[in-house]
Amino acid sequence: MSDQRPIGIFDSGVGGLTVLKAIRERLPTESTIYVADLLHFPYGPRYQDEVRGFAIDIIRYLETRDVKLVVIACNTATAAALNHARELFEVPIVGVISPGAQAAVEATKNNRIGVISTEGTMRSQEYLHAIKELDPMVGVYQKACPELVDIVESGQADSRHAEQVLRRDLADIVQLGADTLVLGCTHYPLLKPAIDRVHPGAFQLIDSATTTADKVERHLDHSRLRGGGGQPRHEVLATSVPEQFDQVAANLFGEAIEAQEVRIWEASKT
Ligand code: DGL
C-alpha cells in the first residue's frame, strides 16, 4: 500500500527550493507542499529562539495539511529547531545539516573543510559538531556570509556583484587550503556557477540538497511511507506576498511556479 500524503518542506525563502528540486527529482511520484517564510526572511541574523518559534509554527501548519514527513530545508532553522521539533511532533522530521556534514567528510582528501553559512548557523556550531563527530581529525573553517543570502533571494546569484562578494568571503577559506566547501545555507547552491568562476576547481562543493533527498528516500523506504500510483501534486506557498520568488523559482525549475500566499500568523511582520 502506498502512502499518498505529501512531504512538507520549508525554508525562509527561495533557498529550500534547491532541496525541493532534489527531492522532486529523486522521488518523482511524491507530492510536496513547500512553505517559504518570506514574512520572516531572513532567518540568519535572528535569535535562535525566534527562528525555533517560526519553525515550530510552520511544522504545526504542515501537520494540519497531513504531511507524512517534514524536511527543514534551511540550515539556520535546522540548527535552531530540529532537536526541539523532534521532541514535540510525531511526524518524522529531517534536517539539512547532518547529510551535508557526512558528504563533506566523505569528500575531503586533505582533511580541511570550509563551511559558509548564515550567522545563525555559524553561531550554533552545528556543522563543527556534526563534522567532528564523524571525524575529529578534520579541520573546520567557518565563515558567515549573510550578504550572499540577499544576493540569491534578489535573483542576482549569477552576477558580477555575487562574484565580488564571493571573492571577499571565501578569501580566508582559500588561504587555509580547504579542498572541500560546504554550502551551509540552502540559498548558496544557486551560487555554484559564480563560485566556479571565482575559484575554478578549488573545492569540492557540497550542498545539502542531494544528500538530504537521499536521506528522505531512505527514511520513506525504512518507514514504508513511499507514495506512488496517482499523479503527484505540488503546492508552493509563501507567508507573505512573493516578489522575486516566482522568478527565481521558475529559473530553478525551468517551469513557471506561482507561489500562493498562506496565512500562518497574523498579517503583521514580526
Ligand atoms: N536558507 C537558509 C539557510 O539554509 C537561510 C537564509 C536566511 O537567512 O533566511 O540557512
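Note that ligands are numbered from 1 as they come in the structure, with each ligand's atoms numbered from 1 the same way.
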Thr121 vs Thr118, test: side-chain hydrogen bond (donor to acceptor under 3.5 Å, both in side chains). Steps then yes/no. CA-CA 5 Å; Thr121 301; Thr118 64; 3.2 Å; yes
Applying side-chain hydrogen bond (donor to acceptor under 3.5 Å, both in side chains), run through Thr32 and Glu30 and close with a yes or a no. CA-CA 7 Å; Thr32 59; Glu30 298 294 338; over 6 Å; no
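No part of Val96 comes within 4.0 Å of ligand 1, judged by heavy-atom distances. By the criterion of a heavy-atom distance under 4.0 Å, the side chain of Val149, and not its backbone, is placed next to ligand 1. With a 4.0 Å heavy-atom cut-off, ligand 1 is reached by the side chain of Ser12 but not by its N, CA, C or O.
Near Asn75, the atoms of ligand 1 lying under 4.0 angstrom from a non-hydrogen atom of the residue are 3 (C), 4 (O), 10 (O). For ligand 1, the atoms sitting less than 4.0 Å from at least one non-hydrogen atom of Gly44 are 7 (C), 8 (O), 9 (O), numbered in the order shown with element in parentheses. Close contacts between ligand 1 and Thr76 involve ligand atoms 3 (C), 5 (C), 10 (O) [criterion: under 4.0 Å to a heavy atom]. Numbered from 1 in the order shown, with element, the atoms of ligand 1 that lie under 4.0 Å from a heavy atom of Phe41 read 9 (O). Near Asp11, with a cut-off below 4.0 Å to any heavy atom, the atoms of ligand 1 are 1 (N), 2 (C). Atoms of ligand 1 lying under 4.0 Å from any heavy atom of Thr118, numbered from 1 in the order shown and given with element: 5 (C), 8 (O), 10 (O). When each atom of ligand 1 is checked for a heavy atom of Cys185 under 4.0 Å away, the hits are 1 (N), 2 (C), 3 (C), 4 (O), 5 (C), 10 (O).
Closest non-hydrogen pair, Ala36 versus Gly13, comes out as CB-O, 3.8 Å. Closest approach of Leu181 and Val115 over heavy atoms only: CD1-N, 4.4 Å.
Side-chain contact check for Trp265 versus Ile58: some heavy-atom pair is nearer than 4.5 Å. Looking only at side-chain heavy atoms (C-beta outward), Ile195 and Leu183 come within less than 4.5 Å of each other. By the 4.5 Å heavy-atom criterion applied to side chains, Val262 and Ile264 are counted as neighbours.
Classification of the His40-Phe54 ring pair by plane angle, with boundaries at 30° and 60°, yields parallel.
Judged by the shortest distance from any of its heavy atoms, Cys74 lies inside the 4.0 Å radius around the atoms of ligand 1.
Looking only at protein heavy atoms, the nearest one to atom 1 (N) of ligand 1 is His187 ND1, 2.8 Å.
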